[in-house]
Amino acid sequence: MRTLHLVAIAGIMLLGIAHSALSFKKYNQISAEAFWFFSAGLALVFAGLANSLHYQLQMPVTFRYTLAINVLLVLFTVFLAIKVTAPTTILVAVFSILLCIAVLYNH
C-alpha cells in the first residue's frame with residue numbers, strides 16, 4: 001500500500017505540474033482565467049507535497065491535515081469529473097481517490 005501511496009503522490013504532482021505548464025499554452029495572455037487555470041495545477045502540486053510530507057513523517061497531525069486535504073480534493077475532483085468528462089479531469093479524480101485510500105490504509 002505504501003507503493004500505491006508513492007505512485008498516487010507522484011501522479012497527482014505530475015498532473016499538477018502539467019496543468020500549470022499547460023496554462024501558458026492554453027492562454028496567450030495573462031487573464032483571470034489563466035491565473036485560475038495555473039492555480040488549479042498548483043493546488044494539485046501542494047496536495048502532493050502535503051501527502052509526501054505525511055508519507056515521510058507519519059505523524060498524527062500530518063495525517064489529520066493530509067486526510068482533510070485529500071477528502072476535499074476527492075469531493076472537488078469527482079464533481080468536476082462528473083461535470084467535465086475529459087480524460088484529464090477523470091485522471092485527476094482517480095489519483096485523488098487513490099491518495100485518500102492510501103493515506104487511510106497507511107495510517
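Please read all numbers here as calculations on a predicted model, not as lab measurements.
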K.L.:
Apply the hydrophobic cluster definition, ILVMFWY joined by side-chain contacts under 4.5 Å directly or through others, and give me every member besides M59.
P.N.:
L53, L57, V61, Y65
K.L.:
Measure the spacing between CG of L14 and NE2 of H19 and express it to the nearest 0.5 Å.
P.N.:
14.0 Å
K.L.:
Going from CG on L73 to OG1 on T66, what distance comes out if it is rounded to the nearest 0.5 angstrom?
P.N.:
11.5 Å
K.L.:
Should I9 and I69 be counted in the same cluster of Ile, Leu, Val, Met, Phe, Trp and Tyr side chains packed under 4.5 Å apart?
P.N.:
no
K.L.:
Filter on side chain to side chain donor-acceptor pair (under 3.5 Å), then keep only pairs touching residues 31-49, sequence neighbours left out; what's left?
P.N.:
S31-E33
K.L.:
In Å, rounded to the nearest 0.5 Å, how long is the span from CG of L44 to CG of L49?
P.N.:
11.0 Å
K.L.:
Return a table of donor-acceptor pairs under 3.5 angstrom between the side chains of residues 95-107 and protein atoms on other chains or two or more places apart.
P.N.:
| residue | atom | partner | partner atom | Å |
| --- | --- | --- | --- | --- |
| S96 | OG | T77 | OG1 | 2.7 |
| S96 | OG | V92 | O | 3.2 |
| S96 | OG | A93 | O | 2.8 |
| N106 | ND2 | H5 | ND1 | 3.2 |
| N106 | ND2 | A102 | O | 3.2 |

K.L.:
Applying side chain to side chain donor-acceptor pair (under 3.5 Å) as the test, list every pair that has at least one member in residues 78-95; sequence neighbours left out.
P.N.:
none
K.L.:
Hey, quick one: are L75 and L67 part of the same hydrophobic cluster, counting side-chain heavy atoms closer than 4.5 Å, chains of contacts allowed?
P.N.:
yes
K.L.:
Taking atom types as modelled, is there a side-chain donor on T62 or H54 under 3.5 Å from an acceptor on the other?
P.N.:
yes
K.L.:
Share the residues that join Y27 in a hydrophobic cluster, the rule being Ile, Leu, Val, Met, Phe, Trp or Tyr side chains under 4.5 Å apart at the heavy-atom level.
P.N.:
L22, F37
K.L.:
Nearest 0.5 Å, please: how far is CG in N70 from CZ in F63?
P.N.:
9.5 Å
K.L.:
Do Y55 and L4 share a hydrophobic cluster (ILVMFWY, side-chain heavy atoms under 4.5 Å, transitive)?
P.N.:
yes
K.L.:
Do you know which two heavy atoms are closest between V45 and G16, and how far apart they sit?
P.N.:
CG2-C, 3.7 Å
K.L.:
Other than L80, which residues form its hydrophobic cluster under the rule that side-chain heavy atoms must be closer than 4.5 Å?
P.N.:
F76, V84
K.L.:
Is there a path from L42 to F35 through hydrophobic residues (I, L, V, M, F, W, Y) whose side chains come within less than 4.5 Å of each other?
P.N.:
no
